[in-house]
Undergrad: 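One structure, pasted below without further comment.
Each chain gets a letter, A, B and so on, in the order the sequences are listed, and its residues count up from 1. All values reported here derive from a predicted model rather than from experimental measurement.
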Amino acid sequence: MSEKISVVYHELYDAYGPQGWWPLVEHDGTNPTKTGAISGYHVGDYTFPRTKKEQFEICLGCFLTQNTAWTSVERSLLNLKKLHALSPQRIMEMDDKIFTEAIKPSGYHNQKSRYIKKFIPFFLALDEHVPTRTELLELLGVGPETADSMLLYAFKQPEFVVDTYTKRIFIQVGLIREKTSYDIVKSMCEVALKNEILDQDRLIVAYQEFHALLVEHAKRHYSKKPYGENCFLQMFDDK
DNA sequence: TTCCAGGCAATAC
DNA sequence: GTATTGCATGGA
């Protein structure tokens with residue numbers, strides 16, 4: 001099973017190349033091969049986030065992208081940028097209604113606004129401390145995917161991110177069943193990559209790329225039914 | 001018009 | 001413990 005996941009990772013990497021996640025609005029890099037991308041991807045540069053502000057922007061994106069297309073999230077982030085409100089301090093100073101209005105394009109804005117306003121004191125209190133997964137999961141609006149996304153992309157911790165796309169692809173190629181739990185899928189991916197990548201920093205990069213690659217592949221072949229049309233991964237469906 | 005998007009909390013069984 | 005349901009905008 002580990003071997004098969006590894007094959008999936010390498011097939012996707014060969015097909016699409018490095019993805020440059022997590023996108024940042026203030027970074028002007030692009031990846032023209034990416035579906036639905038406007039800007040902000042930093043392909044091949046794994047030095048991000050380089051500041052607390054960039055780290056915060058990633059956390060913000062983790063909330064905003066819950067069940068929402070990234071293009072919509074980007075619209076919200078650009079609204080905030082225009083208001084000079086891409087920092088935790090500025091958002092706390094802002095009127096709730098103005099903040100909520102700014103993130104309206106990404107949907108569920110009333111709940112996401114509350115989640116983020118409650119998250120900010122937690123974020124500021126961290127200072128240089130890296131939060132644990134458990135600490136994050138205790139926060140309102142932070143479930144397993146949001147926690148892992150923050151840990152992997154904002155805090156550079158070796159925590160694999162599973163999303164609906166990941167499960168959809170894995171079901172199609174016969175790796176899991178419909179009801180396989182989040183934690184099981186996460187663990188399967190982590191074990192598979194740990195087996196072949198011993199260096200910690202490279203492992204984190206591989207986690208980052210694998211998740212991004214699964215999203216990219218799913219956007220192309222698993223967004224509309226029937227899922228998996230023209231998906232080249234199914235050719236490796238032999239074990 | 002209908003379906004879907006880089007989920008989560010609250011509630012029901 | 002697992003299964004539903006509400007949350008909401010914007011694009012295909």
Side-chain angles (χ1 to χ4, degrees), chain A residues 12 16 18-25 31 33-42 48 57-80 97 99-119 122 133-154 159-172 176-186 189 207-229:
Chain A
L12 293 177
Y16 305 125
Q19 298 298 298
W21 278 36
W22 187 279
L24 290 161
V25 294
N31 179 351
T33 66
K34 182 175 286 299
T35 55
I38 301 174
S39 68
Y41 297 89
H42 40 89
F48 293 94
E57 185 187 320
I58 294 172
C59 293
L60 209 48
C62 291
F63 281 109
L64 294 178
T65 198
Q66 290 172 358
N67 204 37
T68 301
W70 184 257
T71 47
S72 297
V73 175
E74 196 166 53
R75 216 166 271 115
S76 295
L77 292 174
L78 291 173
N79 284 344
L80 291 173
K97 293 182 73 171
F99 176 64
T100 304
E101 192 65 22
I103 63 169
K104 198 167 182 177
S106 36
Y108 310 127
H109 49 284
N110 294 311
Q111 359 184 32
K112 286 176 180 175
S113 174
R114 278 185 291 121
Y115 296 165
I116 291 164
K117 288 267 187 175
K118 292 195 72 168
F119 171 77
F122 170 86
R133 191 167 190 267
T134 306
E135 285 171 340
L136 289 171
L137 289 173
E138 287 169 357
L139 301 172
L140 184 68
V142 179
E145 185 183 340
T146 305
D148 288 332
S149 297
M150 287 183 187
L151 288 168
L152 181 59
Y153 293 105
E159 300 284 348
F160 189 75
V161 180
V162 176
D163 65 347
T164 51
Y165 283 152
T166 308
K167 292 191 71 172
R168 200 174 286 172
I169 293 170
F170 280 18
I171 288 168
Q172 190 74 17
I176 61 172
R177 292 168 299 127
E178 187 82 44
K179 49 207 239 173
T180 305
S181 74
Y182 183 99
D183 290 335
I184 296 293
V185 181
K186 171 184 168 77
C189 293
Y207 284 180
Q208 292 179 335
E209 290 293 354
F210 192 21
H211 171 65
L213 286 163
L214 286 164
V215 172
E216 179 62 24
H217 185 63
K219 281 179 179 170
R220 298 177 189 234
H221 302 290
Y222 288 82
S223 283
K224 59 172 190 280
K225 294 177 181 177
Y227 295 142
E229 266 191 324

Undergrad: Just how far, in rounded Å, is C1' of B:dA9 from CZ of A:Phe63?
TA: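 Between C1' of B:dA9 and CZ of A:Phe63: 13 Å.
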Undergrad: Base, sugar-phosphate, or nothing for A:Thr164, non-hydrogen atoms under 4.0 angstrom?
TA: sugar-phosphate
Undergrad: Would you tell me if any nitrogen or oxygen in the side chain of A:Arg114 comes within less than 4.0 Å of OP1 or OP2 on B:dA9?
TA: no
Undergrad: With salt bridge (Lys or Arg N to Asp or Glu O under 4.0 Å) as the rule and sequence neighbours excluded, what pairs involving residues 137-152 of chain A come up?
TA: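 Salt bridge (Lys or Arg N to Asp or Glu O under 4.0 Å) check on residues 137-152 of chain A returns A:Arg133-A:Asp148, A:Asp148-A:Lys186.
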Undergrad: Using 0.5 Å steps for rounding, measure from the OG atom of A:Ser106 to the CH2 atom of A:Trp70.
TA: 9.5 Å
Undergrad: Stacking between A:Trp70 and the base of B:dA5 (centre distance under 5.5 Å, interplanar angle under 30°)?
TA: no
Undergrad: Please state whether the rings of A:Phe210 and A:Phe160 are parallel, tilted or perpendicular, taking 30° and 60° as the class boundaries.
TA: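 The arrangement is tilted - the two ring planes meet at 30° to 60°.
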Undergrad: Using the C1' atom as the point on both nucleotides, what is the distance between C:dT2 and B:dG6, in whole Å?
TA: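 Result for the C1' pair: 24 Å, nearest Å.
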Undergrad: Can you tell me the distance, in whole Å, between the OH atom of A:Tyr222 and the P atom of C:dA12?
TA: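 In whole Å, C:dA12 P lies 23 Å from A:Tyr222 OH.
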Undergrad: How many whole angstroms separate atom CZ of A:Arg75 from atom P of C:dG10?
TA: 7 Å
Undergrad: Nearest whole angstrom, please: distance from the C1' of C:dA12 to the NZ of A:Lys224.
TA: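 Those two atoms, NZ and C1', are 9 Å apart.
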Undergrad: Can you find a side chain N or O atom of A:Ser149 that sits less than 4.0 Å from OP1 or OP2 on B:dG6?
TA: no
Undergrad: I'd like to know if the side chain of A:Gln66 pairs up with that of A:Lys112 as donor and acceptor (distance under 3.5 Å, no hydrogens or angles considered).
TA: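 Looking only at side-chain atoms, A:Lys112 and A:Gln66 do not form any donor-acceptor pair under 3.5 Å.
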Undergrad: Assign each of A:Arg168 and A:Pro144 to its nearest nucleotide of DNA chain B by heavy atoms, then name whichever residue's nucleotide is nearer the 5' end.
TA: A:Arg168
Undergrad: Identify whether the distance between the nearest side-chain nitrogen and carboxylate oxygen of A:Arg220 and A:Glu216 falls below 4.0 Å.
TA: yes
Undergrad: Under 3.5 Å, is there a donor-acceptor pair linking the side chains of A:Thr166 and A:Asp163?
TA: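 There is such a pair between these side chains.
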Undergrad: Specify the separation, in whole Å, of atom CD of A:Glu209 and atom P of B:dG6.
TA: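 To the nearest whole Å, that distance equals 17 Å.
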Undergrad: What is the separation between atom CG on A:Leu152 and atom C1' on B:dG6, rounded to the nearest whole Å?
TA: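 Taking CG of A:Leu152 and C1' of B:dG6, I get 13 Å after rounding.
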Undergrad: Does A:Leu64 reach a base, just sugar-phosphate, or nothing at all? Heavy atoms under 4.0 Å.
TA: nothing
Undergrad: B:dG7 P sits how many Å from A:Leu136 CG, rounded?
TA: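 From A:Leu136 CG to B:dG7 P: 17 Å.
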Undergrad: NA contact type, A:Val142, heavy-atom cut-off 4.0 Å: base, sugar-phosphate, or nothing?
TA: sugar-phosphate
Undergrad: What integer number of Å spans the C1' atoms of C:dG10 and B:dA9?
TA: 24 Å
Undergrad: Could you give the CG-to-C1' distance, from A:Leu137 to B:dC8, as a whole number of Å?
TA: 11 Å
Undergrad: For each nucleotide in nucleotides 1-8 of chain C, reading 5' to 3', give B when a protein heavy atom comes within less than 4.0 Å of its base, S when such contact involves only the sugar-phosphate, and - otherwise.
TA: ------BB
Undergrad: Could you give the distance separating B:dC8 and C:dG11 at their P atoms, to the nearest angstrom?
TA: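 Rounded to whole Å, the distance is 24 Å.
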Undergrad: Between A:His217 and A:Tyr222, do the side chains contain an N or O donor and an N or O acceptor separated by less than 3.5 Å?
TA: no
Undergrad: Do A:Tyr115 side-chain atoms and A:Val142 backbone N/O form a donor-acceptor pair below 3.5 Å?
TA: no
